[in-house]
Structures are given as structure tokens and as C-alpha cells.
Amino acid sequence: MDEMFKALAVPLEEDLLPLSVLLRERGVPHRIVEQDGQQVLQVARLEHARVVAALYKSWRDGEFTIELSREAAELSSGRSWRAAPVTLALVALSIVGFALVYLLGSVQALALLSFIPFEIVEEQVVFGEMNGQYWRLLTPAFIHFGWLHIVFNCLWLWELGRRIELVMGHFNALMLCIVIAVVANVCQYIYGGPGLFGGMSGVVYGLLGFGWTAPWFQPAWPIRPRNAIMLLMVGWLLLCLVGFIEALGFGAIANAAHVGGLLVGCALGVVFGLKSRLVGDGAQRESDS
């Protein structure tokens, strides 16, 4: 939906949810963005713009009503888990990895998912070479080493990831998470060398950075974390960086993965937010001309 056409503009306080649900049921691709203090409903085809405008007028004139089922309302507003299948799948894969490595203690699963393959030789861990096993760039994200580790990461992954998936779409959200995970894992390897590290926290911090920077350039995206969440997450990161968390006995922390994920997430937020804003402004000028 790169090229969009303006169908109507209404005040911010007006509820367009029923109309949006009706358009989805009729298979009309559209999006609602905030521009110049208004809600702007954009459609993918010019002929749809006239139809939507007429439909809106008839609806507001009382010629028909739109009744929302509870399921439809939840799906359109993003409260249903079915609206974010990519985020849900990442959570599920993280739980599977946790079950294999931590609960079942499978060394084979750990060796398969780790960034660098390893063997146990005379009770010592001996690392080998990646040798074209490029899935290892991603799979450490699904390794978790404790209950606090998996619960913390899954909760924040769901909270941050589903919001971003709702505004970016499933494919873009998947690619975003993959890029962040790869960059975070590579950063940890470059900083710490061969070793056993893992967790979805690099992705979580990447989504945090994305959610913070993207709305500066695309205010229509309601994905910015609350200030309290930013303070909590950044404060935790700083405590990890100075070694306080390790001193409390929580084990080694993959700080390079956290920082790398946060930085690449911030950078991607700038890129995607700016691109969305420029495309939206260009489409509005074209439709107005």
C-alpha cells in the first residue's frame, strides 16, 4: 500500500472504527493516519476514494447503521491476539527454545541453536566454525536460560511487537525482527567472541528503539512506549552495562546484543517512519491536485 489516495478527513475525536471494519469486510484496502490535526482515511485505489466518501456520508446521514461484533471490534483495534500472528509466533518459538534448552536440558538443541556450533570434549566446551550454517545468525534469539529471562522477554516482545505489527503489517514486522535479531547477535559475537549467549532481549530493545523514534517522523503510528516504560527499560539497560545485575547473581548479560538491538531499532525507526510520512504526504498532494 505504497500509493494511497485521500478519501475523507474528519476530526480526531470522531470514531471511524465502524467504517474501517465495514471497509475491511468489503475488501477495501485502506489506512487511517493523522495529518494536520485530522484523521485522514486513505485508500489504495482512486475509484475507492469516491465510493468511501459517499459511503461515509450515507452512514453519517443515518441511511444505514454499522453494528460491530465484539470479535471485529477487537481485531480492528488490535486487542485480539489474531491481529499480531508474527509477534505471537516469535513468542511461541521462544517458549519452545526455552523448553528444549532449559527445561529439558538438551545440549543437542543448544548446540543447534547457538551462534557458533560447539562440542563437549572432556567436560570442556569446544567451539567450531559456522561453516555456512547461517541460521545461527538468528536462532540464539530463541535460547533462554531461566524463568525470569523468558517471562521478561516474552511479555515485552508481545507488548511492543504487536503494536508495531499492527501499523507495519505482518511481513514488514517479521523482517524488522529478523534484522534486529541478526544485528544484535552479531554485535554480541563481535564484542564477546565465541560463547553461549541468547535471548529475545536484543529484539525487545530494538522494538523499543523503533517504537520510540518512528513516531517522531510518522505521528500517525500509535506505537511510542510510555515514558515510564522507557525509563524502566533504559534504566535496566544501564544497570546491566555497569555490572550491577550480574553482581546480584543473575548471570552474564549480553549487553552488546542489547545495545546493538537498541541502536539498529532506533535507526530503522527513523528510516521507516520518515518513509511512511513522505509517502503519505506525497499521496495526499497527488489526491488533492
Using the test side-chain contact (heavy atoms from CB on, under 4.5 Å), find all partners of Ala9 that sit at least two apart in sequence or belong to another chain. Lys6, Gln38, Val40
With sequence neighbours left out, write down each residue that passes side-chain contact (heavy atoms from CB on, under 4.5 Å) with Met175, or none if nothing qualifies. Phe171, Ile178
Considering non-hydrogen atoms only, spot the tightest contact between [X] and [Y] and give its length.
X	Y	value
Met200	Leu90	CE-O, 4.2 Å
Cys187	Gly260	SG-CA, 3.9 Å
Gly211	Ile164	N-CD1, 4.3 Å

For [range], which residue pairs qualify under side chain to side chain donor-acceptor pair (under 3.5 Å), counting only residues two or more places apart or in two chains?
range	result
residues 191-204	Ser201-His258
residues 264-273	none
residues 84-105	Thr87-Glu165
residues 175-189	none

Determine yes or no for a side-chain-to-main-chain donor-acceptor pair under 3.5 angstrom, with Arg136 supplying the side chain and Leu112 the backbone. yes
Gln39 side chain vs Pro11 backbone, donor-acceptor pair below 3.5 Å: yes
Other cluster members, Leu100 - Ile/Leu/Val/Met/Phe/Trp/Tyr, side-chain contacts below 4.5 Å: Val96, Leu104
For a side-chain contact (heavy atoms from CB on, under 4.5 Å) check, start with the C-alpha distance between Val259 and Leu263, then their side-chain angles and the critical distance, and finish with the verdict. CA-CA 6 Å; Val259 175; Leu263 293 179; 3.9 Å; yes
Flag side-chain contact, heavy atom, 4.5 Å: [X] against [Y]:
X	Y	value
Val126	Phe118	no
Trp135	Leu113	no
Trp212	Arg224	yes
Leu22	Leu55	yes
Val101	His144	no

Identify, with sequence neighbours excluded, every residue that meets side chain to side chain donor-acceptor pair (under 3.5 Å) alongside [X].
X	answer
Arg45	Glu47
Glu129	none
Glu159	Arg163
Asp61	Lys57

Leu19 vs Leu41, test: side-chain contact (heavy atoms from CB on, under 4.5 Å). Steps then yes/no. CA-CA 10 Å; Leu19 180 63; Leu41 192 151; 4.0 Å; yes
Given the options Ser114, Pro194, Pro117, Phe127 meets side-chain contact (heavy atoms from CB on, under 4.5 Å) only with Pro194
When clusters are formed by joining ILVMFWY residues with side-chain heavy atoms under 4.5 Å apart, either directly or through shared neighbours, do Tyr56 and Phe64 land in the same one? yes
With clusters defined by side-chain heavy atoms of hydrophobic residues (ILVMFWY) lying less than 4.5 Å apart, directly or transitively, does Val52 cluster with Ile66? yes
Could you list the donor-acceptor pairs under 3.5 angstrom formed between side-chain atoms of residues 264-273 and any protein atom two or more places apart in sequence or on another chain?
none

Examine Phe98 together with Trp147 and report whether their ring centres are nearer than 6.0 Å. yes
Might you work through the side-chain contact (heavy atoms from CB on, under 4.5 Å) test for Trp156 and Val203, ending with a clear yes or no? CA-CA 10 Å; Trp156 286 116; Val203 175; over 6 Å; no
Return yes when atom CZ of Arg26 has more than 12 non-hydrogen atoms of other residues, nucleotides or ligands closer than 6.0 Å, and no otherwise. no
Which is it for Leu231 and Asn227 under the side-chain contact (heavy atoms from CB on, under 4.5 Å) test, yes or no, and what are the steps along the way? CA-CA 6 Å; Leu231 182 62; Asn227 290 336; over 6 Å; no
Indicate the ring-plane relationship of His149 and Phe145, choosing parallel, tilted or perpendicular according to the 30° and 60° boundaries. parallel
Roughly how far, to the nearest 0.5 Å, is CG of Leu262 from CG of Leu207? 10.5 Å
